[in-house]
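First up is the structure itself, then whatever we jot down about it.
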Amino acid sequence: MKKRHFLLSLTLLLSMSLMTACGGGNSTQGGAGGGSADPSQLIIATGGTGGTYFPLGGGMADHITKNAGITATAQATGASAENIRLIRDKKADLAFTQNDIAEYASKGTNMFQQDGKIDSFQALGALYDETIQIVVSADSNIKSVADLKDKRVSVGAPGSGTEVNAQQILEAYGMTFEDTKLQRLSFADSAKAIQDGQLDAAFQTAGTPTAAITELAATTGVKIIPIDADKIDGIIAKYPYYVKTTVPANTYQTVPEEVTTVSVKSMLLIRSDLSEDLVYKVTKAIFENSDKLGHAKAKEIKLENVKNGVSIPVHPGAQKYFDEKGVK
C-alpha cells in the first residue's frame, strides 16, 4: 500500500509539473502569472472632462483597440492620485498621472501617507509638460499669487495633483490653504464658477491649451497669473521635479502676452502585473500613433523623451519596445 501511495503521489506531482510547464510559458518579468493577469478590456483612467487627460485618453483608447488586439475605454476620473489608487485596486489598467504624484505614491508620502507605498504600477513613459496655470477672469484685479490671500480659490479635485501643486506654490509665497477661501473643484466646474462670478481664481495643472480654459477665454475672458522668477527658483530648489515654463503668447485668445510659470511632467502608468506581450502592444499602439490623438498637446509626445522625468521602473513590455526603437 505504501508503494502504491508513493507511485500515486509521484504521478500527481509529475502531472502538476507538466501543467505548470505548459501553462507558464507566457510568464514574463512584467507581472506575476504573466498573461493570466491580463483583463479582457483595458480601462484607461484619465481626468476631468475639461482637462487634457480625458481627450488624449480617448484617442489612445481608439488606437489601442485598433492596433493592440484588446478593447480599451477611457474613463473620466479625479486625475493623478485617484488614478494610482484605481490601478492599485485593479479598477483601471492604464492611467495618466504627474511624475511628482507617481513619486509620492512609490514612497508613500504626501497624499499617500495613509495608503503607504504603492508598488502595483510601473511606468509606460513620459508624455509632455503639465503646466500649472493660475486662472482668473479677464477683469480680475488679481495680478500675483500674493493677491490670492482671502480670495475664493479652487485647487482642483480632492486628492488631485493640482491640489499638491497649488499647496507648494502658495508655500513659496508664505501662504497655506487656510489663507484662502478654499474650494476643490474639477477643471470644468472651476471654469463655470469663474464664469458665474462664484470663484476668484483656479489652479489647473494640465497641458496647454486646456479645454476648460479655452472655453472660458471665449466666453468670460481670462488672465493667467505669472509666478515670480525668484519664487520659481525656490520652488525648483525644494521640489526638483518642477521646471520653469513659459505659456506662449496667444495660447488663449484673451492672453496676448507670454506667461512665466512652472510645470511638472505628465506620464502614463500601467499595472505592473500585466504581461510583457500585452504592454508591448499597448506601448507600440500609443507611441506609433501619437500624431493622431486629436489634441494639440499630442504634438509634444516624442518617443525620444519617454524617459524624461521618470523616476520609477519602466514596465518590461514598454522597455522592450523602447529598446527596439533605440531609446536610451
Side-chain angles (χ1 to χ4, degrees), residues 45-48 51 53 77-134 145 153-180 182 184 186 203-206 227 231-245 261-273 306-315 318:
T46 62
Y53 287 169
T77 68
S80 292
E82 179 182 322
N83 290 352
I84 290 174
R85 294 186 179 103
L86 288 171
I87 281 194
R88 176 196 63 192
D89 299 338
K90 296 189 177 181
K91 293 180 179 178
D93 309 292
L94 186 65
F96 286 77
T97 192
Q98 297 169 200
N99 60 344
D100 52 333
I101 306 304
E103 175 89 1
Y104 302 152
S106 69
K107 294 181 176 178
T109 59
N110 286 313
M111 72 281 280
F112 295 100
Q113 284 183 344
Q114 290 187 342
D115 302 78
K117 295 180 182 180
I118 299 176
D119 58 5
S120 53
F121 62 84
Q122 290 174 307
L124 193 75
L127 299 174
Y128 55 85
D129 285 349
E130 291 234 50
T131 304
I132 289 81
Q133 302 165 83
I134 306 169
V145 176
V153 180
S154 172
V155 296
S160 66
T162 301
E163 184 178 25
V164 178
N165 299 142
Q167 184 179 31
Q168 291 166 344
I169 289 165
L170 289 173
E171 175 188 75
Y173 283 81
M175 298 165 63
T176 68
F177 285 166
E178 284 68 37
D179 293 307
T180 71
L182 190 70
R184 289 182 171 88
S186 69
F203 282 80
Q204 299 200 351
T205 302
I227 300 176
K231 305 301 184 188
I232 289 176
D233 292 342
I235 291 166
I236 294 172
K238 186 168 184 178
Y239 306 107
Y241 39 76
Y242 282 104
V243 295
K244 183 178 180 179
T245 299
T261 180
V262 290
S263 292
V264 288
K265 200 79 175 178
S266 67
M267 63 184 296
L268 285 172
L269 303 179
I270 197 156
R271 278 173 45 194
S272 55
D273 63 342
V306 291
K307 293 188 177 180
N308 290 357
V310 175
S311 61
I312 62 172
V314 176
H315 193 288

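The basis for the numbers below is simple: all heavy atoms, side chains too, and nothing from hydrogens, waters or symmetry mates.
Within the structure, ring-ring contact (aromatic ring centres under 6.0 Å, His included) pairs that include any residue of residues 102-122 comprise Y104-Y241 (at least two apart or interchain). Counting only residues at least two apart or in different chains, salt bridge (Lys or Arg N to Asp or Glu O under 4.0 Å) contacts with residues 156-171 comprise E163-R184, E171-K238.
Scanning for side-chain contact (heavy atoms from CB on, under 4.5 Å) contacts around K117 gives an empty result, with sequence neighbours left out. Residues passing the salt bridge (charged side-chain N to carboxylate O under 4.0 Å, His left out) test with D115 are R85, R88, sequence neighbours excluded. Partners of T205 under the side-chain contact (heavy atoms from CB on, under 4.5 Å) rule, at least two apart in sequence or in another chain, are Q98, E130, I132, T162, N165, V264. By the salt bridge (charged side-chain N to carboxylate O under 4.0 Å, His left out) test, K244 pairs with no residue at all, sequence neighbours left out.
Counting all heavy atoms, side chain and backbone alike, G161 lies closest to S80 at N-CB, 4.0 Å. Contact detail for A92 and A45: the closest heavy-atom pair is CB-CB, 3.9 Å. For the residue pair Y53 and G47, the shortest heavy atom distance occurs at CB-N, 3.7 Å.
Atom OG of residue S160 and atom CD1 of residue I101 lie 8.0 Å apart, to the nearest 0.5 angstrom. Taking CD of Q122 as the reference point, atom CD1 of I312 lies at 8.0 Å (rounded to 0.5 Å). One finds the OG1 atom of T77 at 3.5 Å from the CG atom of N83 (value rounded to the nearest 0.5 Å). Taken from OG1 in T46 to CZ in F96, the straight-line distance is 7.0 Å, to the nearest 0.5 Å. Within the model, atoms CG of D89 and CD of E82 stand 10.5 Å from one another, a figure rounded to the nearest 0.5 Å.
Screening T97, L269, I118 for a side chain to side chain contact (heavy atoms under 4.5 Å, CB included) with I87, the sole residue that qualifies is L269.
Using a 4.5 Å cut-off on side-chain heavy atoms (C-beta onward), T176 and L170 make no contact. M111 places a side-chain heavy atom less than 4.5 Å from the side chain of V164. Using a 4.5 Å cut-off on side-chain heavy atoms (C-beta onward), L268 and L127 make contact. Contact annotation: the side chain of M267 never approaches that of L124 to less than 4.5 Å [non-hydrogen atoms, C-beta and beyond]. Side chains of I169 and I227 form a contact here, defined as non-hydrogen atoms less than 4.5 Å apart.
With no hydrogens or angles considered, a side-chain donor-acceptor pair links S263 and T131 at under 3.5 Å.
Taking the charged nitrogens against the carboxylate oxygens, D273 and R271 do have a contact shorter than 4.0 Å, which makes a salt bridge.
The backbone N or O of Y128 lies less than 3.5 Å from a partner atom in the side chain of S266, making a donor-acceptor pair.
Environment of NZ in K231: crowded, with over 12 heavy atoms of neighbouring residues, nucleotides or ligands closer than 6.0 Å.
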